[in-house]
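The figures here come from the full heavy-atom set of this structure, side chains too, leaving out hydrogens, waters and symmetry mates. Just so it is clear, the structure is predicted and the values come from calculations on it, not from any experiment.
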Amino acid sequence: MTAKTIRTRGGLSVRVAPRSALVVALLLALALTASVVLIGTGDFPMTPAEVLATLTGGGTPAQEFIVQDLRLPRVLVGLLVGAALGLAGAVFQSVSRNPLGSPDVIGFGQGSAAGALTVIVLFHGGTFAVAGGAVVGGVLTGLAVYLLSWQKGIHGYRLVLVGIGATAVLTAARDYLMTKADIVDAARSMVWMVGSLGGRDWAQVWPLLVVCGVVFPVVFGQGRSLRMLEMGDDAAYALGVRVERCRLVLVLAAVLLTAVATAAAGPVAFVALAAPQLARRLTRAPGPNLAAATCMGAALLVGADWASQRVFGADQLPVGAVTGMLGGCYLLWLLITERKAGRI
């Protein structure tokens with residue numbers, strides 16, 4: 001199916017590929033369906049019909065309390081964190097022109113984790129202080145990696161290599177902080193570092209929603225320029241793209257998305273790595289596939305959260321452990337595929 005161009009009376013034109021639009025619609029429907037099922041999962045089970053009735057104001061007082069106060073915030077955090085990580089991963093992979101160019105690999109998630117652990121171990125900070133430390137750590141790491149990668153511009157493989165080095169340094173710093181923590185802070189740090197949606201409430205939803213509401217339009221507004229960047233800097237310059245300015249805006253936006261997602265749920269592994277690649281394989285379309293990667297990330301994280309509660313019986317796992325197991329297998333498959341194709 002060939003792409004079609006939709007033009008408005010104001011002169012705005014949007015290029016839409018029917019297959020990509022269908023994939024986005026199906027992924028969005030899958031994420032929302034999984035969310036309804038997840039809301040009904042737990043010690044007080046509810047059918048999807050009961051969940052929908054409660055969400056529209058037709059539930060009993062007990063159902064409204066369970067859905068509105070206990071389960072809906074957790075699901076919304078999962079959707080927003082997954083969407084933010086999926087979009088950030090798509091940006092990084094397009095900017096670096098490398099399928100391994102993910103926040104998991106190039107250190108931004110570890111930077112957020114190191115910032116949060118610094119607040120926990122050294123300052124014994126509360127929930128909001130830890131979230132602030134994660135955001136500051138992620139942003140500072142992003143700026144450092146960007147500046148260290150700069151050499152008359154940013155090259156994709158140089159960005160990945162510098163990021164891998166930053167990951168090693170930040171992992172060592174994180175381990176050092178753990179050795180200095182008392183038993184209470186160490187236990188708290190370990191729970192946070194795995195990545196979990198347990199205990200999330202509206203206090204985590206609103207800041208995440210605000211940041212996503214501001215940053216998402218910025219990234220999607222740069223979609224055409226990002227597509228041009230994938231063809232190389234010279235081609236992008238020739239097509240009128242202000243390459244370094246565009247790249248800096250996109251990297252900062254993706255770093256901020258990664259940081260706030262990590263602040264809300266901890267360093268959830270591999271969603272940012274897998275979501276853009278899976279979305280690209282489904283759409284079979286060139287370019288960053290921003291919308292598809294965003295919806296794929298949301299569907300993956302909500303699905304992983306459901307699996308963490310249901311697949312392992314009474315021994316519920318943090319969602320980060322589930323994504324880590326699945327993502328590790330995916331990473332091995334991706335490395336084998338890239339090696340066979342001669343790209344690594």
Enquirer: Do Leu122 and Leu177 pass the side chain to side chain contact (heavy atoms under 4.5 Å, CB included) test, and can you show the C-alpha distance, the side-chain angles, and the key distance before you say yes or no?
Expert: CA-CA 8 Å; Leu122 300 183; Leu177 288 171; 4.3 Å; yes
Enquirer: Of the non-hydrogen atoms in Arg284 and Arg281, which two are nearest, and what is the gap between them?
Expert: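 In terms of heavy atoms, the two residues are closest at CG-O, 3.5 Å.
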Enquirer: Is it true that a side-chain atom of Arg200 and a backbone atom of Ala264 form a donor plus acceptor pair closer than 3.5 Å?
Expert: yes
Enquirer: Around atom CD1 of Ile183, are there more than 12 heavy atoms from other residues, nucleotides or ligands closer than 6.0 Å?
Expert: no
Enquirer: Working note: Phe92 + Asn98, criterion side chain to side chain contact (heavy atoms under 4.5 Å, CB included); need CA distance, chi angles, decisive distance, verdict.
Expert: CA-CA 8 Å; Phe92 283 126; Asn98 190 322; over 6 Å; no
Enquirer: Starting at OG of Ser94, measure out to CZ of Arg247 and round the result to the nearest 0.5 Å.
Expert: 11.5 Å
Enquirer: Quick one: sort the Phe220 and Phe216 rings into parallel, tilted or perpendicular, breaks at 30° and 60°.
Expert: perpendicular
Enquirer: Going only through I, L, V, M, F, W and Y residues with side-chain contacts under 4.5 Å, is there a path from Val302 to Trp202?
Expert: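 Yes, one cluster joins them.
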Enquirer: Just by distance, do the side chain of Thr323 and the backbone of Ala269 share a donor-acceptor pair under 3.5 Å?
Expert: yes
Enquirer: Is there a side-chain contact between Ile39 and Met46 (heavy atoms, below 4.5 Å)?
Expert: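 Contact flag for Ile39/Met46 side chains = no.
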Enquirer: Are Leu290 and Val214 connected in a single hydrophobic cluster, I mean Ile/Leu/Val/Met/Phe/Trp/Tyr linked by side-chain heavy atoms less than 4.5 Å apart?
Expert: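 Per the 4.5 Å side-chain linkage, Val214 and Leu290 are not co-clustered.
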Enquirer: With a 4.5 Å cut-off on side-chain heavy atoms, are Val81 and Thr262 touching?
Expert: no
Enquirer: Return yes when atom CZ of Arg188 has more than 12 non-hydrogen atoms of other residues, nucleotides or ligands closer than 6.0 Å, and no otherwise.
Expert: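 Yes.
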Enquirer: Using modelled atom types and a 3.5 Å cut-off, is there a donor and acceptor pairing between side-chain atoms of Arg19 and backbone atoms of Leu282?
Expert: yes
Enquirer: Answer yes when Arg227 and Glu230 have at least one side-chain N-carboxylate O distance shorter than 4.0 Å, and no when they do not.
Expert: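 Here Arg227 does not pair with Glu230 in a salt bridge, since their nearest N and O are not under 4.0 Å apart.
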Enquirer: Check whether any side-chain N or O of Ser308 sits under 3.5 Å from a backbone N or O of Asp305 as a donor-acceptor pair, and report yes or no.
Expert: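 Judged by distance alone, yes, a pair lies under 3.5 Å.
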Enquirer: Given side chains that start at C-beta, do those of Val260 and Val135 come closer than 4.5 Å, heavy atoms only?
Expert: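 In short, these two side chains touch, coming nearer than 4.5 Å.
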Enquirer: Taking CZ in Phe128 as the centre, count heavy atoms belonging to other residues, nucleotides or ligands within less than 6.0 Å. Is the count above 12?
Expert: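 At most 12 heavy atoms, drawn from other residues, nucleotides or ligands, come within 6.0 Å of this atom.
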Enquirer: Could you tell me whether a side-chain N or O of Thr56 sits under 3.5 Å from a main-chain N or O of Ala53, the two making a donor and an acceptor?
Expert: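 At least one qualifying donor-acceptor pair exists.
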Enquirer: When clusters are formed by joining ILVMFWY residues with side-chain heavy atoms under 4.5 Å apart, either directly or through shared neighbours, do Val268 and Leu326 land in the same one?
Expert: yes
Enquirer: Check Ala275 against Gly86 and note the closest heavy-atom contact, atom names and distance.
Expert: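 Here Ala275 and Gly86 meet closest at CB-CA, 4.0 Å.
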Enquirer: Val210 and Val255: same hydrophobic cluster, using ILVMFWY side-chain contacts below 4.5 Å?
Expert: no
Enquirer: Does Trp206 have more than 12 heavy atoms from other residues, nucleotides or ligands lying within 6.0 Å of its CH2?
Expert: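 Open: at most 12 neighbouring heavy atoms sit under 6.0 Å from CH2 of Trp206.
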Enquirer: Determine whether a donor-acceptor pair (N or O, by modelled atom type, separation under 3.5 Å) exists between the side chain of Arg97 and the backbone of Leu229.
Expert: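 The answer is yes, because a donor-acceptor pair under 3.5 Å joins these two groups.
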Enquirer: If you round to the nearest 0.5 Å, how far is CG of Leu76 from CG of Asp201?
Expert: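 Reported to 0.5 Å precision, the distance equals 11.5 Å.
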Enquirer: Let me check something: do Val218 and Tyr146 share a hydrophobic cluster, defined by ILVMFWY side-chain heavy atoms less than 4.5 Å apart, either directly or through other members?
Expert: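 Each belongs to a different hydrophobic cluster.
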Enquirer: Say whether, by atom type as modelled, one donor and one acceptor occur between the side chain of Gln93 and the main chain of Leu273 under 3.5 angstrom.
Expert: yes
Enquirer: Start with the C-alpha distance between Val95 and Leu226, add both sets of side-chain angles, then the distance that settles side chain to side chain contact (heavy atoms under 4.5 Å, CB included), and finish with yes or no.
Expert: CA-CA 7 Å; Val95 168; Leu226 186 58; 3.9 Å; yes
Enquirer: Quick one, Val145 with Val251, criterion side chain to side chain contact (heavy atoms under 4.5 Å, CB included). Give me CA distance, side-chain angles, the key distance, then yes/no.
Expert: CA-CA 10 Å; Val145 170; Val251 169; over 6 Å; no
